[in-house]
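The structure appears below as structure tokens.
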Amino acid sequence: NAGVTQTPKFRILKIGQSMTLQCTQDMNHNYMYWYRQDPGMGLKLIYYSVGAGITDKGEVPNGYNVSRSTTEDFPLRLELAAPSQTSVYFCASSYGDRAAVGNQPQHFGDGTRLSIL
Amino acid sequence: DAKTTQPPSMDCAEGRAANLPCNHSTISGNEYVYWYRQIHSQGPQYIIHGLKNNETNEMASLIITEDRKSSTLILPHATLRDTAVYYCIVRPRRNRDDKIIFGKGTRLHILP
């Protein structure tokens with residue numbers, strides 16, 4: 001059981017380049033999330049989605065875009081990479097159900113380490 | 001959402017019980033207490049959660065005070081592999097979303 005899979009694991013970008021961080025899950029979870037973690041800090045929520053076709057901003061959405069065309073995939077797009085976006089990016093998913101919301105743990109991928117030079 | 005307060009770091013001897021405290025004095029009646037941990041360079045890992053009763057699973061025990069204003073995560077026999085940052089989080093039951101707001105957590109060092 002793969003769980004949450006993130007690709008790539010590492011990437012170096014030049015300032016102004018764009019890229020898409022991929023995230024896919026095989027647990028049929030309808031809730032998915034993107035977090036970033038700067039060195040020595042906790043995780044900050046970038047965007048989240050409660051189902052296909054629905055996305056919402058988190059704490060730090062500026063400079064990022066997301067889409068959710070399928071239940072399994074939740075890609076994160078950086079359009080104009082900036083040094084401030086150097087971070088480790090984690091994708092997560094959970095089984096969201098109106099009766100169970102708040103009572104379901106999130107499952108995390110292993111992260112994408114991104115450096116902007 | 002209720003805010004949590006945790007000590008920034010703790011040490012524990014290998015083989016002893018590690019007791020990690022968390023204060024959540026503004027928790028409301030429908031909010032769960034969750035614990036996650038993050039081992040270096042890995043994604044956060046779910047440990048345990050509870051509403052008001054004490055909980056135990058294969059990884060840990062969660063003790064929630066009767067007034068629910070604080071809780072303790074207990075790792076009964078800590079090993080070196082338990083060295084990690086431990087996050088205490090309160091999460092409300094919502095109809096709309098399920099997002100987690102992470103704080104800075106407690107950095108637990110298991111000493112050989």
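Naming convention: chains lettered A, B, ... in sequence-line order (proteins, then strands); numbering from 1 in each chain.
The part of Q37(A) that comes within reach of chain B is its side chain, from C-beta onward, which places non-hydrogen atoms under 4.5 angstrom from that chain. For a residue to count as touching a neighbouring chain, one of its non-hydrogen atoms must lie under 4.5 Å from one of that chain's; by this rule Q45(B) does not touch chain A.
Residue L43(A) comes nearest to Y87(B) through the heavy atom pair CD1-OH, 4.1 Å, listed as atom of the first residue, atom of the second, then distance. Of all heavy-atom pairs spanning G43(B) and F90(A), the tightest one is CA-CE2, 3.3 Å.
Cluster membership for Y47(A) and L80(A), using ILVMFWY side-chain heavy atoms within less than 4.5 angstrom, is not shared. Hydrophobic clustering, with ILVMFWY side chains joined whenever heavy atoms are under 4.5 angstrom apart, keeps Y86(B) apart from L111(B). Linking Ile, Leu, Val, Met, Phe, Trp and Tyr residues whenever their side-chain heavy atoms come within less than 4.5 Å places Y31(A) and Y48(A) in a single cluster. Note: the hydrophobic cluster containing I46(A) also contains I116(A) (ILVMFWY, side chain heavy atoms under 4.5 Å, direct or indirect links). Both L13(A) and L21(A) are assigned to one and the same hydrophobic cluster, defined by single-linkage of ILVMFWY side chains at heavy-atom distances under 4.5 Å.
Taking 4.5 Å as the limit, every side-chain heavy atom of Q106(A) sits out of range of all side-chain heavy atoms of Y34(B).
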